[in-house]
Amino acid sequence: MTSASLENRASALNKQLESLDLAGRLALVAGLEGKAVFTTSLGIEDQVITAAIGTSKLGIEVSTLETGRLFSETVALIDETEETYGLLIKRFYPEQDDIDAFAAKYGMNGFYDSVEARHACCGARKVKPLARALEGTAFWITGLRRGQSGNRADTPFAEADPDRGLIKINPLADWDIETIRAHVARQAIPVNPLHARGYPSIGCEPCTRAIKPGEPERAGRWWWENDEKRECGLHVAETAASAIPQSTPLASSPLTGN
């Protein structure tokens, strides 16, 4: 599919999805021709989507990026969510060679030292595994919301991702955090206990802190950097991600969160 046709299809889908509720949006995507994959970080909005997929038994693959440095609470929630909704959450791990190459160049915790190093770590632990998770995918479903950060304020329901050759679906784009929390309470959806401890946005443990009163939802992510629009490269291309040290691909394997 050409970039132009991808853009046209995404635009048409965006209009269709706008008038539907969450269940309708997911059912519409599940019924389209082509593989649909939802990548979850186990955050509160992602749990809402996983619950909807599992409850309706939709033909949407659910995957997560097990970076090797997640909070123990996040890892435990993967198993709890699978058991609650009777579904499989596919885990995608970074390549050990990529982690070794990063550590050799920057040090294991070198991501604190420079933006380049932080992007390289995100590249090895998240961006490259995401590429494997999305292989052969036509529709990538995410938990992006407009209220998460200024960088996401214009998030559409459907958008073309020409670099990956797919359409990204954001079924919760117009949901605010109060709506999310009310839905979770009504449906008794399991969520990460860290949310109750001041972590509205949860990533890798070394790179996430609780936020202070009045701070934006994602202020606790990579808090030592000054850029208010900082991202990891999954949803916004980061030029510094090219700093990922090159390595020889090996079969993926679980990594310890050291």
Side-chain angles (χ1 to χ4, degrees), residues 1-65 77-78 80-92 129-148 152 154-177 179-184 186-191 234-236:
M1 185 179 295
T2 66
S3 294
S5 58
L6 199 66
E7 291 281 358
N8 291 337
R9 190 176 188 194
S11 179
L13 262 178
N14 187 60
K15 293 178 181 178
Q16 286 181 275
L17 294 168
E18 184 175 11
S19 62
L20 301 175
D21 61 10
L22 175 61
R25 289 168 182 172
L26 292 171
L28 173 62
V29 175
L32 296 174
E33 183 177 354
K35 181 180 178 181
V37 173
F38 169 51
T39 55
T40 174
S41 65
L42 285 297
I44 189 169
E45 45 273 291
D46 288 347
Q47 288 297 94
V48 167
I49 296 174
T50 300
I53 292 172
T55 300
S56 297
K57 307 300 180 186
L58 298 175
I60 296 172
E61 182 178 296
V62 182
S63 300
T64 194
L65 308 180
L77 186 57
I78 299 174
E80 181 184 357
T81 304
E82 287 182 323
E83 182 176 350
T84 299
Y85 297 106
L87 48 72
L88 171 69
I89 300 177
K90 295 182 66 175
R91 295 148 169 90
F92 287 84
L130 176 68
R132 286 187 280 115
L134 295 180
E135 285 178 1
T137 298
F139 303 99
W140 173 24
I141 300 169
T142 85
L144 294 184
R145 295 187 295 106
R146 295 166 189 162
Q148 288 170 327
R152 299 179 177 183
D154 298 320
T155 298
F157 298 108
E159 58 187 314
D161 187 337
D163 291 336
R164 294 185 175 97
L166 52 75
I167 293 176
K168 185 190 293 186
I169 306 294
N170 309 306
L172 295 179
D174 58 345
W175 286 42
D176 58 32
I177 190 60
T179 302
I180 293 279
R181 289 169 179 160
H183 182 84
V184 164
R186 284 196 306 272
Q187 301 294 325
I189 296 172
V191 297
L234 296 182
H235 301 291
V236 177

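As a basis for the values below, the full set of heavy atoms in this structure was taken, side chains included, without hydrogen atoms, waters or symmetry mates.
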In this structure, CG of Leu166 is separated from CG of Asp161 (nearest 0.5 Å) by 5.0 Å

CD1 (Ile78) and CZ (Arg91) are apart, to the nearest 0.5 Å, by 5.0 Å

d(Tyr85 OH, Glu80 CD) to nearest 0.5 Å is 9.0 Å

On a heavy-atom basis, the closest approach of Ile141 and Phe38 is O-CD1, 3.1 Å

* **Check: Ala4 main-chain N/O paired with Asn8 side-chain donor or acceptor under 3.5 Å** => yes

Correct closest heavy-atom pair for Arg25 and Pro171 would be NH1-O, 2.7 Å

Next on the checklist: For Ile44 and Ile177: C-alpha separation, side-chain torsions, deciding distance, then whether side chain to side chain contact (heavy atoms under 4.5 Å, CB included) applies.
Outcome noted: CA-CA 9 Å; Ile44 189 169; Ile177 190 60; 4.2 Å; yes

When rounded to the nearest 0.5 Å, the distance separating OG1 of Thr39 from CG of Asp46 is 7.0 Å

Distance col, row Ile169:CD1 vs Asn14:CG, nearest 0.5 angstrom, shows 8.5 Å

- request: Indicate yes or no: at least one non-hydrogen side-chain atom of Arg164 is less than 4.5 angstrom from one of Leu130.
  value: yes

**Asked** Between Leu17 and Leu28, is a side chain to side chain contact (heavy atoms under 4.5 Å, CB included) present by the stated rule, with each step listed?
**Response** CA-CA 8 Å; Leu17 294 168; Leu28 173 62; 3.6 Å; yes

Practice prompt. Quick one: do Lys90 and Val37 satisfy side chain to side chain contact (heavy atoms under 4.5 Å, CB included)? Show the steps, please.
Written response: CA-CA 10 Å; Lys90 295 182 66 175; Val37 173; over 6 Å; no

### Task
Verify the neighbour count for atom CD of Gln16: are there more than 12 heavy atoms of other residues, nucleotides or ligands below 6.0 Å?
yes

What one should report as the nearest heavy-atom pair of Thr142 and Lys168 is CG2-CG, 3.6 Å

Check your understanding: More than 12 foreign heavy atoms under 6.0 Å from NZ of Lys57: is that the case here?
Key -> yes

When every non-hydrogen atom of Thr155 is compared with those of Arg146, the smallest separation belongs to O-NE, 2.7 Å

In terms of heavy-atom contacts, Phe92 and Ser63 come closest through CE1-OG, 3.6 Å

Student check: side-chain heavy atoms of Leu88 and Val62 closer than 4.5 Å: no

Exercise. Is there side-chain contact between Phe157 and Leu20, with heavy atoms separated by less than 4.5 Å?
Worked result: no

field: Pair Thr55-Gln187, side chain to side chain contact (heavy atoms under 4.5 Å, CB included): steps then yes or no
entry: CA-CA 11 Å; Thr55 300; Gln187 301 294 325; over 6 Å; no

pair Leu32-Leu13: side-chain heavy atoms closer than 4.5 Å: yes

Note to self: I'd like to know if the side chain of Arg145 reaches the main chain of Gly143, judged simply by a donor and an acceptor atom lying under 3.5 Å from each other, with no hydrogens or angles considered.
What the structure shows: no

Asp176 versus Thr179, side-chain donor and acceptor atoms under 3.5 Å = yes

Distance col, row Thr50:OG1 vs Ile189:CD1, nearest 0.5 angstrom, shows 9.0 Å

Nearest heavy-atom approach of Gly34 to Phe139 is O-CD1, 4.2 Å

- request: Kindly say whether Pro156 contributes a backbone atom to a donor-acceptor pair with the side chain of Asn170 at under 3.5 angstrom?
  value: yes

